[in-house]
Amino acid sequence: MNYNSQISQLLLSGEVICAYSHPSFFQRLVQNDELLVQIETTLLSLERRLIQSESGNTFYAVNATLDDKEKSEAKIYFKYIVHDARYILSWLDFFAEVSQQDIYIQAGDKINFSDTVNALTYNQSLQEKLRAILKVSSNIDVVQLAEKLFDRLQKKDKVMILVDRHKRQYQFTGKLELIQQSLLFIVEQNLLYQAEPAEVSQEQRGML
């Protein structure tokens with residue numbers, strides 16, 4: 001299978017190709033203009049459009065047209081973001097406290113599992129914050145708490161990847177950048193307090 005097919009299939013499946021999660025494919029997109037045009041042509045033939053994020057570190061596909069079906073899908077995606085906004089902001093705030101930063105963690109930033117466990121061990125309020133985020137009981141120890149958070153962010157939310165198995169170091173992907181951009185748009189449009197919570201499927205959560 002050639003690079004055009006591999007990259008196009010990933011994009012069509014809702015995957016985000018960034019400098020962190022798919023570095024080799026990302027490099028080919030930014031360095032090979034001919035391949036970039038081929039992929040854009042392939043996507044357009046399937047009524048999709050290739051988008052590069054503001055930072056330049058992420059590529060993803062969106063609908064090329066906005067008929068009633070696509071507008072409905074976009075509405076569902078934003079309902080998902082609104083519905084999960086407080087959860088997303090909560091774990092962003094959690095990692096800011098773990099890393100002792102005044103700003104939220106960004107795509108490309110790395111976090112060690114051991115650092116998170118250590119921060120939880122000596123900070124009762126941080127433990128309570130994470131229990132509230134994960135909605136778990138108080139009898140779960142700090143290692144299990146960290147395991148649940150990292151497992152969810154890696155496997156369910158797909159905003160981080162394991163980059164060093166020995167050190168158990170993780171890196172946040174370009175998916176985080178897209179979520180943050182969506183949250184910013186929602187806040188600017190004052191949608192966070194207007195939309196009603198919506199139950200959406202995992203497939204709908206992956207739509208961009």
Side-chain angles (χ1 to χ4, degrees), residues 1-85 88 92 104-110 152-164 170-189 191 195 198-208:
M1 187 182 295
N2 59 36
Y3 288 115
N4 181 6
S5 298
Q6 293 179 68
I7 295 173
S8 295
Q9 285 187 11
L10 279 174
L11 292 167
L12 289 168
S13 70
E15 283 286 320
V16 170
I17 294 179
C18 69
Y20 322 110
S21 60
H22 299 285
S24 61
F25 286 160
F26 174 81
Q27 289 300 321
R28 290 184 182 280
L29 283 172
V30 297
Q31 295 176 359
N32 190 330
D33 291 339
E34 182 179 349
L35 176 62
L36 185 66
V37 171
Q38 290 175 358
I39 291 171
E40 287 176 332
T41 302
T42 299
L43 292 177
L44 281 174
S45 69
L46 299 169
E47 299 185 343
R48 296 293 188 272
R49 187 159 52 95
L50 184 65
I51 300 293
Q52 188 172 15
S53 66
E54 292 179 4
S55 69
N57 291 325
T58 305
F59 289 92
Y60 56 99
V62 300
N63 290 306
T65 58
L66 276 179
D67 58 23
D68 289 342
K69 181 178 182 295
E70 278 72 41
K71 287 179 181 178
S72 176
E73 289 179 351
K75 186 176 180 181
I76 290 171
Y77 172 71
F78 274 100
K79 278 188 177 181
Y80 148 63
I81 292 292
V82 170
H83 183 252
D84 273 17
I88 296 166
L92 283 171
Y104 285 148
I105 201 160
Q106 302 294 314
D109 288 350
K110 295 179 180 179
R152 175 165 180 170
L153 294 179
Q154 182 186 10
K155 296 178 181 178
K156 184 177 181 181
D157 298 328
K158 297 183 179 180
V159 294
M160 64 161 51
I161 55 173
L162 180 64
V163 292
D164 190 322
Y170 294 79
Q171 186 173 38
F172 287 90
T173 70
K175 180 77 176 289
L176 176 59
E177 182 182 354
L178 302 190
I179 290 174
Q180 288 173 323
Q181 288 178 356
S182 299
L183 286 173
L184 180 61
F185 174 81
I186 288 168
V187 170
E188 288 176 344
Q189 300 299 316
L191 297 176
E199 292 297 326
V200 294
S201 67
Q202 188 65 32
E203 180 181 357
Q204 290 165 336
R205 289 181 179 218
M207 291 186 296
L208 295 172

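For the numbers below, each heavy atom of this structure counts, side chains included, while hydrogens, waters and symmetry mates do not. Numbers here are sequence positions counted from 1.
- Rounding to the nearest 0.5 angstrom, the gap separating the CG atom in Asp109 from the CE atom in Met160 is 10.5 Å.
- For the pair Val16 and Lys158, the minimum side-chain heavy-atom distance is 4.5 Å or more.
- Here the OG1 atom belonging to Thr42 is positioned 10.0 Å from the CG atom belonging to Leu11, to the nearest 0.5 angstrom.
- Residues Pro23 and Ser21 come closest through the heavy atom pair CD-C, 3.5 Å.
- Arg48 approaches Leu12 most closely through the heavy-atom pair CG-CD2, 3.6 Å.
- Annotation for Gly174 and Cys18: closest pair N-SG, 3.3 Å, computed over non-hydrogen atoms.
- Ring orientation note: the planes of Phe26 and Phe59 are tilted relative to one another, at an angle of 30° to 60°.
- If you take CD1 on Ile17 and NE2 on His22, they are separated by 6.0 Å, rounding to the nearest 0.5 Å.
- Considering CD of Glu177 and CD1 of Ile179, their distance stands at 11.0 Å, rounded to 0.5 Å.
- Within the 4.5 Å cutoff, side-chain heavy atoms of Leu176 are placed close to those of Leu92.
- Rounding to the nearest 0.5 Å places OG of Ser53 at 14.0 Å from NZ of Lys175.
- The shortest side-chain heavy-atom distance between Phe172 and Tyr20 does not fall under the 4.5 Å cut-off.
- Judged by distance alone, with hydrogens and angles left aside, the side-chain atoms of Gln106 form a donor-acceptor pair with the main-chain N or O of Tyr104 at under 3.5 Å.
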Leu50 and Leu36: CA distance, side-chain angles, deciding distance, side chain to side chain contact (heavy atoms under 4.5 Å, CB included) verdict: CA-CA 9 Å; Leu50 184 65; Leu36 185 66; 3.5 Å; yes
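- The distance from the OG atom of Ser45 to the CD atom of Glu40 is 12.0 Å, given to the nearest 0.5 Å.
- Within the 4.5 Å cutoff, side-chain heavy atoms of Leu35 are placed close to those of Ile7.
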